[in-house]
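Below is one structure, written out as structure tokens, with a few remarks after it.
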Amino acid sequence: MRKNILFAAVLLFSVSAQAQLLDIIKSTVKNKTGVDLDNPSKTKTSTTTSNTTTTVPTQSSPVNLGSLTSSQISSGLKEALSLGVTDGVKKLALTDGFLKNEAVKILMPEKLRKIDTTLRSLGMGSLADEGVKLLNRAAEDAVTEAAPIFTKAITSMTITDAKNILLGSDNAATNYLQTKTQSQLFTAFQPKVKASLGKVGADTVWKNLISKYNTFTGQAVTTDLNEYVTTETINGVFKMVADKESGIRNTPAMRTTSILQKVFGAQDGK
């Protein structure tokens, strides 16, 4: 009888010890992993939710736009473009606006550059100079047609356009303007260039110039001056606008209004 009592006591102690050991294991697993071994399905749902919450990426803008409203960004970009266009067109439309500006001066078409060299070697440099001057005069005359086309493109800029431009490269605004107006400018400039070339006698000068070159060389060079000057005029306008944009972006002193200072000040640290 004593043996049975002793055996039962030992067995009871063993079961109790195992239960305590199991409780310790459960507690350790829950503390270390968050998994409740008594209710694993509930724990999995909780863990999944927790993991999903902690792994959501946080996105941030490289430019602090928090203090700027969409309206301010749009106004600032439109003003910057308007300044660039107004300043650029005004300077180019002056007499010698193209001719005396080496950045945009229209030279002889590439395939006619040999004419320039040949005429100068024959003592006819003044004829070559006159031909180049008349090309630039036509550009200076035609560029005045740009203002209303640019104005329409600038006023139609959307809030999204403005934000993308602000966060873009140094010539993002110029690229936007070029995309919106390139074909319209060509259509507007070409008849103006043609009329101007005729008005200043460029057609006669160039016929004489090319004729003399062909006579001396035995060649038959021709070129479409109208298309060439139109294209170069457009390139010159966008060069001036790009320079103005880059200045406003990178030189605080060129931000001459409060809206330019506020909007482009936000992109200084990007």
Worksheet item: Got a sec, which residues hit ring pair (Phe, Tyr, Trp, His ring centres under 6.0 Å) with Phe238, two or more places apart in sequence or on another chain?
Response: Phe150
Practice prompt. Could you give me the CA-CA distance, side-chain angles and deciding distance for Val104 and Asn136, then say whether side-chain contact (heavy atoms from CB on, under 4.5 Å) is met?
Written response: CA-CA 9 Å; Val104 297; Asn136 286 273; over 6 Å; no
Worksheet, complete the sentence: Correct closest heavy-atom pair for Thr231 and Phe186 would be OG1-CE1, 3.6 Å
Practice prompt. To the nearest 0.5 angstrom, please state how far the CD1 atom of Ile149 sits from the CG atom of Leu177.
Written response: 10.5 Å
Discussion item. With a 3.5 Å distance limit and no angle check, can you tell me whether Gln72 reaches the backbone of Thr69 through a side-chain donor-acceptor pair?
Written reply: yes
Worksheet item: Do NZ/NE/NH1/NH2 and the carboxylate oxygens of Asp141 and Arg137 come within less than 4.0 Å?
Response: no
Discussion item. Within this structure, what is the NZ-NZ distance for the pair Lys133 and Lys100, rounded to the nearest 0.5 Å?
Written reply: 9.5 Å
Worksheet item: Hey, what do you get for CE (Met240) to CZ (Phe98), rounding to the nearest 0.5 Å?
Response: 8.5 Å
Practice prompt. Give, for atom CG of Leu99 and atom CG of Leu134, the distance between the pair rounded to the nearest 0.5 Å.
Written response: 9.5 Å
Worksheet entry | Spacing of OG1 belonging to Thr230 relative to CD belonging to Gln190, to within rounding of 0.5 Å | 5.0 Å
Worksheet item: Given Thr187 and Gln184, is the side-chain contact (heavy atoms from CB on, under 4.5 Å) satisfied, shown in steps?
Response: CA-CA 5 Å; Thr187 300; Gln184 297 174 61; 5.7 Å; no
Item to complete: Identify the heavy atoms of Ala153 and Thr181 that sit nearest to each other, and give their distance.
Response: CB-CG2, 3.5 Å
Worksheet item: Heavy atoms, side chains only, cut-off 4.5 Å: are Val241 and Asn171 in contact?
Response: no
Worksheet item: Does NZ belonging to Lys244 count more than 12 external heavy atoms closer than 6.0 Å?
Response: yes
Worksheet entry | Ala173 to Glu245 - nearest heavy-atom pair and separation | N-OE2, 2.8 Å
Worksheet entry | Backbone of Lys152 reached by a side-chain donor or acceptor of Thr155 within 3.5 Å | yes
Item to complete: Over all heavy atoms of both residues, which pair between Gln182 and Ile234 is shortest? Give the atoms and the distance, please.
Response: NE2-CG2, 3.8 Å
Worksheet item: Under 4.5 Å between any side-chain heavy atoms of Met157 and Ile165, yes or no?
Response: yes
Discussion item. My understanding is that only residues two or more places apart in sequence, or in another chain, count here; which of them pass salt bridge (charged side-chain N to carboxylate O under 4.0 Å, His left out) with Asp161?
Written reply: none
Worksheet entry | CG on Leu135 to OG on Ser196, rounded to 0.5 Å | 10.0 Å
Worksheet entry | Where Glu145 and Pro148 come nearest, the two heavy atoms and their spacing | O-CD, 3.6 Å
Worksheet, complete the sentence: Sorted by chain and number, sequence neighbours left out, side-chain hydrogen bond (donor to acceptor under 3.5 Å, both in side chains) with Asp87 holds for Lys91
Fill in: Counterpart residues, side-chain contact (heavy atoms from CB on, under 4.5 Å), relative to Ser70 (two or more places apart)
Ile159, Lys163
Response to the item:
Hits for side-chain contact (heavy atoms from CB on, under 4.5 Å) against Ser156, two or more places apart or cross-chain, chain-then-number order -> Tyr176
All N/O donor-acceptor pairs, side-chain side in residues 250-265, below 3.5 Å, sequence neighbours left out:
from, atom 1, to, atom 2, distance (Å)
Asn250, ND2, Asp170, OD2, 3.0
Asn250, ND2, Ser246, O, 2.9
Asn250, ND2, Ser246, OG, 3.3
Thr251, OG1, Gly247, O, 3.4
Arg255, NE, Ile248, O, 2.7
Arg255, NH1, Asp268, OD1, 3.4
Arg255, NH1, Asp268, OD2, 3.0
Arg255, NH2, Ile248, O, 3.4
Arg255, NH2, Arg249, O, 2.7
Arg255, NH2, Asp268, OD1, 2.7
Thr257, OG1, Glu79, OE2, 2.4
Thr257, OG1, Leu260, N, 3.4
Gln261, NE2, Arg255, O, 3.0

Response to the item:
In terms of heavy-atom contacts, Val229 and Ala139 come closest through CG1-N, 4.2 Å
Worksheet item: Would a 4.5 Å heavy-atom cut-off, applied to side chains only, mark Leu92 and Glu140 as touching?
Response: no
